[in-house]
Amino acid sequence: MRTWTPPELPELPGTGLPPRLFHTAVGRTVQPPIEDGRATLYVCGITPYDATHLGHAATYLAFDLMLRAWRDAGIATVYAQNITDIDDPLLERARDTGVDWRQLADEQIQLFRSDMHQLSMLPPEHYVAVTECIDDIAAAVLRLREIGLAYSVPTADAEGDDLYFDTHAAQSQTEWRLGDVAPLDRATMNMLSAERGGDPGREGKRDPLDPLLWRAAREGEPSWSSAVGEGRPGWHIECAVIAQAALGNAFTVQGGGADLTFPHHEFTAAHATALSDTPLAHTYCHAGLISYQGHKMSKSRGNLVLVSRLLEAGVEAPAIRLALLAHHYRSEWEWFDEDLQTAKRRLEAWRIGLERSSEQPVDAVTVLHQLRQAFANDLDTPVMLATLDAALDQGVDDPELVRDAINALLGVRL
Ligand code: 5CA
Ligand code: ZN
């Protein structure tokens, strides 16, 4: 799929440090291994409806920062993102609003691109919609069936069977173990599976957690004819196939919002390991969930603040970025409209600060060093903002350098 125009990335003197990042599976920060001077990142993309709310924006900002930190450290990056452009909630929304699902998806993808561009997000090199690679996904499902990791579950309302992944067989035949990505107890896994697209109550499954690999065609639902019959893919196998095709095996970071840790990233890892005999990624990183009006900002609840609405209302994109950057990417926090006012005031103060002539200006090279230290420490943007607040309050000896650093590292164009 077409992406969006990349933002300008000013060159900074010297190099930053490779970032330490919080690895969800081990519960602490690690130094992800960089091979051949290259970091590879896969971030789970949108299901294209109700895009782009501030929760989406916060998650994509976290990984945009990760890419900026790597690049500043002289590390080349390859970035892949998917689009889940065929999925139950998307079809439901299309049905409820009387819009063709394809049209809904295309309009929302276009809106997302425009929002990402305006928010100065680095675009992925591989931007892949599920509907662009149904054959590859079906081939992967077929392979899982051939090696005994997929089984049929009869359907009452379709001609063919649905196919499920055999979690127990996978644990005895592959290196993957349930809990490798999300070390949770069984009761929590069952609960999260039911909440997040799984079907632990479905009759005929060998284990309640076994995830869907292929859904046989149903009346009135879009479907594709494939190596495993007429139907459409399950969610986790889509990301496993797209990620491995774009980035190869054992890439550097698998990312997304914290709601994807289980079951999505657990089973994406399971499928990928079964298909390739190697782990999906070295490091699993998750952005904290943003809430609004007391609940997680979510399409299902409808408590959304849309980036496009803020932009239409005349809010500057750098102010939206700054409002999000005020929180560490892993923290869970609630959005208040006041956050935007604070960000606008900070933007104004920084602009004034860059013009300030001072008797005792702060050394800009020292500021850059401090920014890089905080950036390498799990992308600690609140510390970076505090560093800039203090320096620009006093005035700096090289405003151009600080302006470029703010732009290159934080993506805030002043
Ligand atoms: N298409 C799948 C991933 S394969 C999906 O989760 N799509 S989504 O549109 O629901 O979400 C897109 C991204 O935004 C995901 O990484 C998700 O974890 C993240 N996200 C969704 N809601 C929030 C929120 N309230 N706060 C932070 N991130 C969120
Ligand atoms: Zn995904």
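None of the values given here were measured: they were computed from a predicted structure. Whatever order the structure lists ligands and atoms in, that order sets their numbers, starting from 1.
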Using a 4.0 Å cutoff against the non-hydrogen atoms of [X], which atoms of ligand 1 qualify?
| X | answer |
| --- | --- |
| T84 | 1 (N), 2 (C), 4 (S) |
| H53 | 22 (N), 23 (C) |
| H264 | 4 (S) |
| K299 | 8 (S), 9 (O), 10 (O) |
| G256 | 16 (O) |

[X] and [Y] aromatic centres sub-6.0 Å:
| X | Y | answer |
| --- | --- | --- |
| Y79 | H126 | no |
| H286 | H265 | yes |
| Y60 | F112 | yes |

Which one holds for [X] and ligand 1: side chain close, backbone close, both close, or neither close, with close meaning a heavy atom under 4.0 Å?
| X | value |
| --- | --- |
| C239 | side chain |
| D87 | neither |
| K296 | side chain |
| L260 | side chain |
| E238 | neither |
| T59 | side chain |

Please report whether ligand 1 has a polar contact with [X], defined as an N or O pair separated by less than 3.5 Å (distance criterion only).
| X | value |
| --- | --- |
| D259 | yes |
| T47 | yes |
| G257 | yes |
| M297 | yes |

Name the closest protein heavy atom to [atom], giving the residue it belongs to and the distance to 0.1 Å.
| atom | value |
| --- | --- |
| atom 24 (C) of ligand 1 | G55 CA, 3.5 Å |
| atom 21 (C) of ligand 1 | H56 CD2, 3.9 Å |
| atom 26 (N) of ligand 1 | I290 N, 2.9 Å |

Minimum non-hydrogen distance to atom 2 (C) of ligand 1, winning option of G197, C44, G45:
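The residue whose heavy atom sits nearest atom 2 (C) of ligand 1 is G45.
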When you check the gap from the basic side-chain N to the acidic O, do R232 and D87 get nearer than 4.0 Å?
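Salt bridge: no.
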Is there a donor-acceptor contact under 3.5 Å linking the side chains of [X] and [Y]?
| X | Y | result |
| --- | --- | --- |
| S120 | R413 | yes |
| S276 | Q244 | yes |
| D339 | W333 | no |
| T77 | R71 | yes |
| T29 | D378 | no |

Greater than 12 external heavy atoms within 6.0 Å of R38's CZ:
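Count not over threshold, so no.
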Is the number of heavy atoms from other residues, nucleotides or ligands under 6.0 Å of D36 CG greater than 12?
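Result for CG/D36: open.
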Are the side chains of V241 and H271 in contact, using a 4.5 Å heavy-atom criterion?
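In short, these two side chains do not touch, never coming nearer than 4.5 Å.
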So do the side chains of V153 and L212 get within less than 4.5 Å of each other, counting heavy atoms only?
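They are not in side-chain contact.
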Contact check, [X] vs ligand 1, heavy-atom distance below 4.0 Å:
| X | value |
| --- | --- |
| W235 | yes |
| G288 | yes |
| Y60 | yes |

Quick one: is the NZ or CZ of R206 closer than 6.0 Å to the six-membered ring centre of Y151, and within 45° of its axis?
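Because its charged atom sits under 6.0 Å from the ring centre and within 45° of the axis, R206 does stack over Y151.
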Could you tell me if R93 sits above the aromatic ring of Y49, with its cationic atom closer than 6.0 Å to the ring centre and no more than 45 degrees from the axis?
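No.
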If I take the Zn ion (ligand 2) as the centre, what angle separates the SG atom of C44 from the NE2 atom of H264? Nearest 10 degrees is fine.
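The angle at the Zn ion (ligand 2) comes to 110°, rounded to the nearest 10°.
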Suppose we only count N/O/S atoms under 2.8 Å; would H236 qualify as near the Zn ion (ligand 2)?
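Given the 2.8 Å cut-off, H236 does not count as a ligand of the Zn ion (ligand 2).
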Look at H265 and state whether any of its N, O or S atoms is less than 2.8 Å from the Zn ion (ligand 2).
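No, outside the cut-off.
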